[in-house]
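Every heavy atom of this structure was used, including side-chain atoms; hydrogens, water molecules and symmetry mates were not. This chain uses plain numbering: 1 for the first residue, then up along the sequence.
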Amino acid sequence: MRRYRLFVRNRRRYEVVPVGFSWGALLLGPIWAAAYGLLLRYSVVLVLATIPVFVAGLFEGSVRDAVGLIGLAVVIAGHVYFAFNAFAWRQLRLASIGFEELASISAKSARDALTTWSGSDEASAYLGNAP
């Protein structure tokens, strides 16, 4: 089971966002970031992570190789950092464009999370269907 957070805007548009690590953000960083409006954050992480690679060009010989390897490790660490924070940043993005968080739900998938919430007493009260 995975944890999801449910967001709504204007009682009509729902978004279900997983909590935790994002394989999609790790493997398809710029595409994933663009799809969810996080391209600026991805770009900042990428630029900061690639600075050591450019610094390696200032050195020669084995020092250059060592700094280059450190730079590569920092680039990989930057991508992993983005993947660990991607869903949290997506939640902040939704909040900034008018979504409000309704619930935090454990479910097998995003669809199951929405189905679980829609059958709950909390959903009935929110939607005005309470007895």
Side-chain angles (χ1 to χ4, degrees):
M1 293 269 245
R2 186 167 192 172
R3 198 108 189 109
Y4 295 89
R5 290 199 172 134
L6 176 65
F7 291 83
V8 65
R9 184 167 81 182
N10 299 331
R11 293 183 181 245
R12 283 179 262 143
R13 180 147 181 239
Y14 294 88
E15 290 279 339
V16 180
V17 180
V19 174
F21 186 81
S22 171
W23 283 103
L26 178 66
L27 300 175
L28 304 169
I31 296 168
W32 192 96
Y36 294 110
L38 297 172
L39 200 51
L40 180 62
R41 285 184 190 253
Y42 177 79
S43 299
V44 168
V45 169
L46 187 62
V47 166
L48 291 176
T50 55
I51 288 172
V53 175
F54 293 113
V55 170
L58 301 174
F59 298 98
E60 293 182 13
S62 61
V63 174
R64 180 182 191 163
D65 295 340
V67 174
L69 283 175
I70 292 169
L72 178 62
V74 171
V75 168
I76 292 169
H79 280 86
V80 171
Y81 175 78
F82 181 76
F84 271 108
N85 290 289
F87 289 135
W89 289 339
R90 185 173 167 210
Q91 293 168 18
L92 290 173
R93 167 93 171 116
L94 290 173
S96 74
I97 59 173
F99 280 83
E100 62 178 292
E101 185 176 348
L102 288 180
S104 182
I105 302 163
S106 289
K108 291 181 181 179
S109 69
R111 185 180 301 242
D112 288 345
L114 189 57
T115 303
T116 300
W117 180 80
S118 65
S120 71
D121 292 337
E122 183 182 357
S124 294
Y126 178 78
L127 298 171
N129 301 333

Any chance you could lay out the side chain to side chain contact (heavy atoms under 4.5 Å, CB included) test for H79 and Y42, step after step, and finish with the verdict?
CA-CA 9 Å; H79 280 86; Y42 177 79; 3.0 Å; yes

Checking side chain to side chain contact (heavy atoms under 4.5 Å, CB included) for the pair R2/K108: CA distance, chi angles, key distance, verdict?
CA-CA 6 Å; R2 186 167 192 172; K108 291 181 181 179; over 6 Å; no

Let me see the working for R90 and E15 under side chain to side chain contact (heavy atoms under 4.5 Å, CB included), right down to the final yes or no.
CA-CA 10 Å; R90 185 173 167 210; E15 290 279 339; 3.0 Å; yes

Decide side chain to side chain contact (heavy atoms under 4.5 Å, CB included) for L69 and D65; before the verdict, give the C-alpha distance in whole Å, the side-chain angles of both, and the deciding distance to 0.1 Å.
CA-CA 6 Å; L69 283 175; D65 295 340; 5.7 Å; no

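Between Y36 and W32, the two ring planes are tilted [angle within 30° to 60°].
Taking each heavy atom of G20 and F87 in turn, the nearest pair found is O-CD1, 3.1 Å. Scanning all heavy atoms of the two residues, the minimum distance from A49 to G78 falls at CB-CA, 4.2 Å. Closest approach of A113 and I105 over heavy atoms only: O-CD1, 3.4 Å. In this structure, M1 and S106 approach most closely via the heavy-atom pair CE-O, 4.1 Å. Residues A25 and A86 come closest through the heavy atom pair CB-CB, 3.6 Å. Taking both residues in full, the closest heavy atoms of G29 and F82 are given as O-CE2, 4.3 Å, listed atom of the first, atom of the second, then distance.
V8 and V17 end up in different hydrophobic clusters when Ile, Leu, Val, Met, Phe, Trp and Tyr side chains are linked at under 4.5 Å. Hydrophobic cluster membership is shared by V44 and I51, with clusters built from Ile, Leu, Val, Met, Phe, Trp and Tyr side chains linked at under 4.5 angstrom. F21 and L27 fall within a single hydrophobic cluster, where Ile, Leu, Val, Met, Phe, Trp and Tyr side chains are chained together by heavy-atom contacts under 4.5 Å. Under the 4.5 Å side-chain heavy-atom criterion for Ile, Leu, Val, Met, Phe, Trp and Tyr, L92 and F7 are members of the same hydrophobic cluster. Hydrophobic clustering (ILVMFWY, side-chain heavy atoms < 4.5 Å, transitive): L26 and L46 are in distinct clusters.
Proximity of a side-chain donor or acceptor of R9 to a complementary backbone N or O of I97 within less than 3.5 Å is detected.
With a 4.5 Å cut-off on side-chain heavy atoms, Y4 and W117 do not count as touching. Put simply, the side chain of R13 reaches to within 4.5 Å of the side chain of F99, judged on heavy atoms. The shortest side-chain heavy-atom distance between L94 and R5 does not fall under the 4.5 Å cut-off.
Counting heavy atoms of neighbouring residues, nucleotides and ligands inside a 6.0 Å radius, atom CZ of R111 does not exceed 12 of them.
We find the CH2-CG distance between W89 and L38 to be 8.0 Å, quoted to the nearest 0.5 Å.
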